[in-house]
Asker: 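Please see the structure below; I have some questions.
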Amino acid sequence: MEIKFWLNGKLIKDDVEPDTVLLEYVRSKGCMSVKRGCETANCGLCTVWVDNKPVLSCATLAVQVNNKKVTTLEGVQDRARDFGTFLAKEGAEQCGYCSPGFIMNVLAMEDELENPTEREIKEYLAGNLCRCTGYQGQLRAIKKYLARNKEV
């Protein structure tokens, strides 16, 4: 099946099998930040943006992004690096395995919600699992990152 979509701003035209999962497809195109974690669409490691909305690429077929815009962490490196600094300063960057999907959701939340409360932050990020932290460092980092951006 032929698809056409934009991957991190680059037009892609390709033939794919109807059952090709987006996670595997974008990894085959060099987007190695997209990871498979739980195999049940419950951990958030495979989060990408489709038309600027976070989706689980392990539960999305490649054909579903036909004529759409797909963004991975590779497509938002400057913003990701900026937020990653806040994670590191708060001691929230442990092994880093969950970071790409987590960061994609934090950046999407920043774009979508204005002045989110702590409850809204927790609800937005409920689908991101981290096996290393207790989430408190991550929450501190998010709050400081969002507050800093408000002041700029």
Side-chain angles (χ1 to χ4, degrees), residues 3 5-10 12 20-27 29-152:
I3 61 170
F5 71 102
W6 292 261
L7 179 59
N8 297 325
K10 180 182 174 188
I12 303 283
T20 301
V21 176
L22 183 59
L23 176 143
E24 298 302 333
Y25 185 80
V26 296
R27 285 182 62 83
K29 296 298 179 192
C31 299
M32 303 310 277
S33 68
V34 185
K35 299 176 185 171
R36 180 180 303 278
C38 65
E39 310 254 350
T40 60
N42 286 309
C43 71
L45 265 67
C46 66
T47 302
V48 300
W49 297 344
V50 175
D51 289 342
N52 296 318
K53 298 291 181 193
V55 301
L56 298 173
S57 63
C58 75
T60 304
L61 296 174
V63 296
Q64 291 176 279
V65 301
N66 191 42
N67 294 314
K68 296 185 179 182
K69 183 173 80 170
V70 176
T71 306
T72 67
L73 192 68
E74 288 83 358
V76 291
Q77 286 183 9
D78 290 339
R79 288 179 70 195
R81 190 175 300 110
D82 189 31
F83 176 64
T85 301
F86 281 81
L87 279 175
K89 285 182 180 177
E90 292 303 321
E93 185 65 6
Q94 303 282 320
C95 79
Y97 193 70
C98 69
S99 294
F102 177 74
I103 291 171
M104 290 300 289
N105 275 315
V106 168
L107 298 179
M109 178 185 62
E110 176 187 23
D111 292 344
E112 187 177 327
L113 303 180
E114 189 172 323
N115 300 321
T117 64
E118 182 172 319
R119 181 176 179 200
E120 289 173 318
I121 292 169
K122 288 178 178 179
E123 286 174 3
Y124 200 98
L125 301 173
N128 289 93
L129 300 180
C130 176
R131 292 167 178 90
C132 298
T133 70
Y135 299 103
Q136 291 308 307
Q138 292 171 335
L139 187 58
R140 282 192 310 271
I142 293 167
K143 288 178 176 179
K144 288 181 180 181
Y145 174 75
L146 296 175
R148 189 282 322 250
N149 285 344
K150 250 193 303 191
E151 297 167 3
V152 174

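From a predicted model like this one, the values you see are computed outputs, not experimental measurements. All values below come from the heavy atoms of this structure, side chains included, with hydrogens, waters and symmetry mates left out.
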Asker: Please give me the minimum heavy-atom distance between Cys46 and Ser57, naming the atom from each residue.
Answerer: O-OG, 2.7 Å
Asker: How long is the straight-line distance from CD of Gln64 back to OG1 of Thr20, given to the nearest 0.5 Å?
Answerer: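 Those atoms lie 12.0 Å apart.
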Asker: Indicate the atoms forming the closest heavy-atom contact of Leu73 with Ala80, along with that distance.
Answerer: CD1-CB, 3.5 Å
Asker: Is any side-chain heavy atom of Cys31 less than 4.5 Å from a side-chain heavy atom of Leu7?
Answerer: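 A side-chain contact under 4.5 Å exists here.
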Asker: Going by distance alone, is a donor N or O of one side chain under 3.5 Å from an acceptor N or O of the other, for Asn52 and Thr71?
Answerer: no
Asker: Going through the distances and angles, do Lys143 and Leu139 end up as a side-chain contact (heavy atoms from CB on, under 4.5 Å)?
Answerer: CA-CA 6 Å; Lys143 288 178 176 179; Leu139 187 58; 4.0 Å; yes
Asker: Which residue pairs pass the salt bridge (Lys or Arg N to Asp or Glu O under 4.0 Å) test with at least one member in residues 65-76, sequence neighbours excluded?
Answerer: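 For residues 65-76, and leaving out neighbouring residues, there are no salt bridge (Lys or Arg N to Asp or Glu O under 4.0 Å) pairs at all.
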Asker: Any sub-3.5 Å donor-acceptor pair from Arg79's side-chain atoms to Leu107's backbone N or O?
Answerer: yes
Asker: Which atom pair, heavy atoms only, marks the closest approach of Pro116 to Leu146?
Answerer: CG-CD1, 3.7 Å
Asker: Of all the heavy-atom pairs spanning Asn42 and Thr40, show the shortest one and how long it is.
Answerer: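 Minimum heavy-atom contact is ND2-OG1, 2.8 Å.
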Asker: Rounded to the nearest 0.5 Å, what's the gap from CZ on Arg81 to CD on Gln77? Could you check?
Answerer: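 It is 6.0 Å, given to the nearest 0.5 Å.
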Asker: Where do Leu56 and Ala41 come nearest, in terms of heavy atoms and distance?
Answerer: CD1-O, 3.3 Å
Asker: Could you walk me through whether Lys29 and Lys10 satisfy the side-chain contact (heavy atoms from CB on, under 4.5 Å) test, starting with their C-alpha distance in whole Å, then the side-chain angles of each, then the deciding distance to 0.1 Å, before giving a yes or no?
Answerer: CA-CA 11 Å; Lys29 296 298 179 192; Lys10 180 182 174 188; over 6 Å; no
Asker: How far apart are the closest heavy atoms of Thr72 and Ser33, and which atoms are they?
Answerer: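 Distance-wise, the nearest heavy atoms are CB-OG, 4.2 Å.
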Asker: Report the relative orientation of the aromatic rings in Phe83 and Phe102; use parallel for angles under 30°, tilted for 30 to 60°, perpendicular for over 60°.
Answerer: tilted
Asker: Under 4.5 Å between any side-chain heavy atoms of Thr47 and Val55, yes or no?
Answerer: no
Asker: Would you say that Lys35 contacts Pro100 through its side chain, given a criterion of any heavy-atom pair below 4.5 Å between the two side chains?
Answerer: yes
Asker: If the test is side-chain contact (heavy atoms from CB on, under 4.5 Å), which one of Leu125, Ile142, Leu129 qualifies with Tyr135?
Answerer: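 With Tyr135 as partner, side-chain contact (heavy atoms from CB on, under 4.5 Å) holds for just one option, Leu129.
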Asker: Donor-acceptor check, side chain of Arg27 to backbone of Val34, threshold 3.5 angstrom: yes or no?
Answerer: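 Yes; at least one donor-acceptor contact below 3.5 Å.
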Asker: Nearest 0.5 angstrom please: Glu110 CD to Ile103 CD1, how far?
Answerer: 12.0 Å
Asker: Set out, in order, the CA-CA distance, both residues' side-chain angles and the distance that settles side-chain contact (heavy atoms from CB on, under 4.5 Å) for Tyr124 and Glu112, then state yes or no.
Answerer: CA-CA 10 Å; Tyr124 200 98; Glu112 187 177 327; 2.9 Å; yes
Asker: Enter the distance from Ile12:CD1 to Asn66:CG here, rounded to the nearest 0.5 Å.
Answerer: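 The distance works out to 12.5 Å.
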Asker: With sequence neighbours excluded, tell me which residues meet side chain to side chain donor-acceptor pair (under 3.5 Å) with Glu123.
Answerer: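 Once residues adjacent in sequence are excluded, the partners of Glu123 under the side chain to side chain donor-acceptor pair (under 3.5 Å) criterion are Arg119.
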Asker: Any chance you could measure Glu114, atom CD, to Met109, atom CE, to the nearest 0.5 Å?
Answerer: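 Reported to 0.5 Å precision, the distance equals 13.0 Å.
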Asker: Is it true that Asp82 and Arg148 have a side-chain N and a carboxylate O under 4.0 angstrom from each other?
Answerer: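 Result for this pair is yes, salt bridge flagged.
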Asker: Do the side chain of Asn128 and the main chain of Leu45 share a donor and acceptor less than 3.5 angstrom apart?
Answerer: no
Asker: Treating Trp49 as the side-chain partner and Met104 as the backbone partner, does any N or O pair qualify as donor plus acceptor under 3.5 Å?
Answerer: yes
Asker: When rounded to the nearest 0.5 angstrom, what is the spacing between CD in Gln138 and CD in Glu90?
Answerer: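 Nearest 0.5 Å value for the CD-CD distance: 11.0 Å.
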